[in-house]
Structure formats: structure tokens, C-alpha cells
Amino acid sequence: MTDQSAPLMLFNSLTRALEPFVPVHPGEARVYSCGPTVYNYPHIGNMRAYVFADVLGRTLSWKGYALTHVINITDVGHLTDDADAGEDKLEKAARANAQSIWDIARHYTQAYWADIDALGIRQPAHWSIATDYVPAMIEFAQSIADKHCYELPGGLYFDVSTVADYGKLARAATDEGEGRIEQVEGKRHQADFAIWRKTPPGETRQMEWDSPWGRGAPGWHLECSVMSGKLLGFPFDIHTGGIDHREIHHPNEIAQNQAFCCAGSLADPANSGARMWMHNNFLVERSGKMSKSSGEFLRLQLLIDRGYHPLAYRLMCLSAHYRSELEFSWEGLGAALTRLKRMVMAVAQLKERAEEGVDTSAWRSHAKLAPLVERFDAAVSEDLNTAVALTVLDEAVALKKIDPALKLAAITAFDAVLGLNLLTLDRTALRLRPKAATITEDEIAQRIAARQEARAAKDFARSDALRDELAAEGVDVMDGDPLGWDWRLG
């Protein structure tokens, strides 16, 4: 962007304020995002966090920063209760499925990566796998153990009283969060947490390592401190995650970072390890199918099985501010799919009309486009206001009396931030077959051909009957549309 672009303002959860983005390293942006624990498929609420982090990264690129983005894969250490209690999620899943824990982690990592790709999320600079960093975790723990930790029979625990401002990130929910923390005999403070867990006597884990505190495994909080520090250096620019991390996981990360860096109070946010902490709000689903404990929870594949393209879900996420709750409904997803189809159709028509060889280098300063560029930049610069940015994109698509190639240049730039793949997405790719559909595409083609013959013969009763038969099978006939037909989604 030019020097005249709006300053990038982002909401820092640590200070509870909108702040200008000022990079630690001039011209660079270093971002760490808490990734999945790969014991099960991610649900669509989980994936909202990565759409948000992706838009943040794309916005930083739009603003001209060289981005280094890290997302971790937690394949050990995350317990069944996010509040630092229970057993390791991977160990439990491996036993339940009678599989190697490594096979469980590999399978669900690949499934997560498939969802990342389907949602148009850019690849980060690094996928950091927790088990690759266990020696570094032990070194980190050793460096802080004398001043900040103590041993119990269960492992090495962090004493939260040894750092300033513990829990500042957690807002007023600290009391609620402490009520969810594991009760362990001998802990000095209720909020103290394990950074190394010993394998209980008589038990054997599939993932365990030797350490100065006994054979065992690292705590979940330790992993992120080590991987973010190793790959990005302390302090780095932005740490992202879901709002559920704000009460326990991220305060514990911050405490470890303070101890490791010998940092002072959180009056200086950089002492937390990152200058900014950003959190997306929940995706709300009223039927209760957002929880993995419900069995058939809402996975991206379920949306696909119902005939909804994954990018319709991305568009649905972009239609709300990342810090607002977003209610999921099939009606809302259907509206997003319709909106996406209209965009794709409009861009396809522009591509057909655009002449080759047109100089589009000055599209930003074009009389009709420049105001849209300014408004789009202002929207994403105001804490990633994608809902407003989408309306500007709609206006760019609808703009009249302008060279198609210039319009495409603007749309391409806007879409580089929003990530809807409008220049490459084909309308037919949005026509996904619902899993429940019984009619074949050949049968659809035969009935549409028969209907066209009936219409040509002015046999409108037969034509209407064939249309109604197709509708009963979940197929909408679209007269006058080049696509011809589409699935009717329930």
C-alpha cells in the first residue's frame, strides 16, 4: 500500500484496546497461531479461528509487511479438559481406536490440512509439530525451574506468583477459569500449572521422554511458548487463538514467556512474549452439534456432504466481525453460498470481456476505483472489518462503465485479502452433489433435454411436470442461466 493508506489498528486482548500495529522488526510481521490438537477432526467452530488468522495474515501482506506465520500442531500434552485436567487427548484417542498414537496424530493432521486447503487458507511459513520440539521444551523448563517452578509427585509445576500480573489477559473471567483448573494436592496456588507431567507409576504412555523430573511428557502450555520463541523470537508481533484460550492457556503461556525472558510486568505488552494477543469469538450452533462429544459434530465435510462449498462457509465467517459471536444456521450458509455464486458468475463474465494487453498498473488511482480502494483499505485496517470490506467488493463487482481488465485488477487485489478465490473458482465447482441425492447427473441431463423438447413443442404441461419431478429430486432448473441447473439445498 501507499503511505496514504490507513494505519492498521488491531484489538489487543491484553490491553483491551485498539492499537496501531507497530512491528517489532521494521517491515516484518511475525505471527503465531495456536493450532489444533490432532486427536479428532476439527469442527467448523475450530476452523473459524484459522479463517480469522488467515485474514490477519493476508491483511498484513496487503499493508506491505513481509509475513512469517507459524501454526502449531499439538500431537502431545493437551489434556481432555482444556483447564489443565484429565488425560492426554491423543493417548485417550489411541486407546479408544486401538491404534498407534502416531497414526492417530498423522490421520487427523492430514484431515486438518485438507480443511485448511478447502477453506482457501494460505500455508503458513512453518507448521510446528510439538513432538519435534520436546528437547527444546526440556531445555526451556530447565532454564526457569529454579526461580519459577517446584516439583510434586505428578511433575514440575509453575508457580504463578513468581511473575507479575498473572492472569491479566483473562479479564474478569479469572475466577471462573480458576474454578475449572485441575485440583492437585500440594499445589502452592490453585492457578499453578504443570509444565512437565510424570508418567504415573505402573503406567506406560506411547509418547513419553526422559527429563530431569522423571519420564513423562510436556504440558500443553509449554509447547506453544517454546515453538513461538524458537521460530519467531521474543518478542514477536501477534499471537492469535480462539477466545477459549484467553482464560487459561494463553495466561499460562504468557507467564512462561515472562519467566524465560526475565521480563517484568505486563504494563509493557512485549513482556508477554508477543506485543499483541488477538482472539476470535465463538461460532454458536443452537442444536449442540458444535461439541465433539456430541458424536456427529459439525465438520466441514458435513457441509460438503450437504452440497455447500467450503468457501461458502469462509464467506459466512467474513460476513461477521471476528470478535463477534457468529451464529451458524443452514439458512445463513445457504445465503452465503448464493452470494458467492453471484460473485463467481460476475467475475466469470468480466474475464470473458477483459481484453489482453490492457495496462492495469494504475488501477489504484483510477477515478472510479480509487475511492473503493480507500474504503476497502479503511475497512480491513479497522481491526479487520471484513463485513464492510465485502460490501466494497460487491460495489467493485457492480461498477459500471469501466474497463473489465481494470475491474478485475481491483477485484483480484481485494480477493487477495478476503481469500474467496474468485478469479479461479468455477461456477460448476460450486454445484456440489449432496450426499443424500439419489438422482444421477446423467438422469438430470436426460430429463432437462426432455423438458427442452417439450418446451420447443409448446407442451408446457409436460415441461412443468418434468421441472417438478426434478425439484422433488433436489434439483432446481434454472431457465436462462448458462449453468442450466443446480442442486436445491435443504
Determine whether a donor-acceptor pair (N or O, by modelled atom type, separation under 3.5 Å) exists between the side chain of R451 and the backbone of A465.
no
Hey, is CD on Q99 packed in by over 12 heavy atoms from elsewhere, all under 6.0 Å?
yes
For H250 and H221, which I'm curious about, is there any donor-acceptor pair between the side chains at under 3.5 Å?
no
Parallel under 30°, tilted from 30 to 60°, perpendicular over 60°: which one fits the rings of F236 and Y32?
tilted
When you check the side-chain N and O atoms of S61 and R122, is any donor under 3.5 Å from an acceptor?
yes
Check the pair D476, R488 against salt bridge (charged side-chain N to carboxylate O under 4.0 Å, His left out), reporting the backbone distance first and the verdict last.
CA-CA 5 Å; D476 265 336; R488 179 193 296 267; 2.7 Å; yes
In this structure, are over 12 heavy atoms from other groups packed under 6.0 Å from R342 atom CZ?
no
Cut-off 3.5 Å, side chains only: do S128 and N72 have a donor facing an acceptor?
no
Check whether the side chains of T15 and E19 place a donor and an acceptor atom closer than 3.5 Å, and report yes or no.
yes
E469 bridged to R467 by N-O distance under 4.0 Å:
no
Is the closest side-chain donor-acceptor distance between D75 and T131 under 3.5 Å?
yes
Over 60° means perpendicular and under 30° means parallel, so classify the ring planes of F376 and F414, tilted if in between.
parallel
Against the six-membered ring of Y322, is R48 placed for a cation-pi contact (under 6.0 Å from the centre, within 45° of the normal)?
no
Where N385 and H321 come nearest, the two heavy atoms and their spacing
CA-CD2, 4.1 Å
Heavy-atom closest pair, residues R58 and D415:
NH1-O, 4.0 Å
Which word best sums up how the rings of H245 and W220 line up, parallel for under 30°, tilted for 30 to 60°, or perpendicular for over 60°?
perpendicular
Cation over ring face, R364 and W62, 6.0 Å, 45°
yes
Hey, are H239 and E253 close enough side-chain-wise for a donor-acceptor pair under 3.5 Å?
yes
Flag if over 12 foreign heavy atoms under 6.0 Å of NZ, K435
no
Look at D115 together with R299 and state whether they make a salt bridge at an N to O cut-off of under 4.0 Å.
no
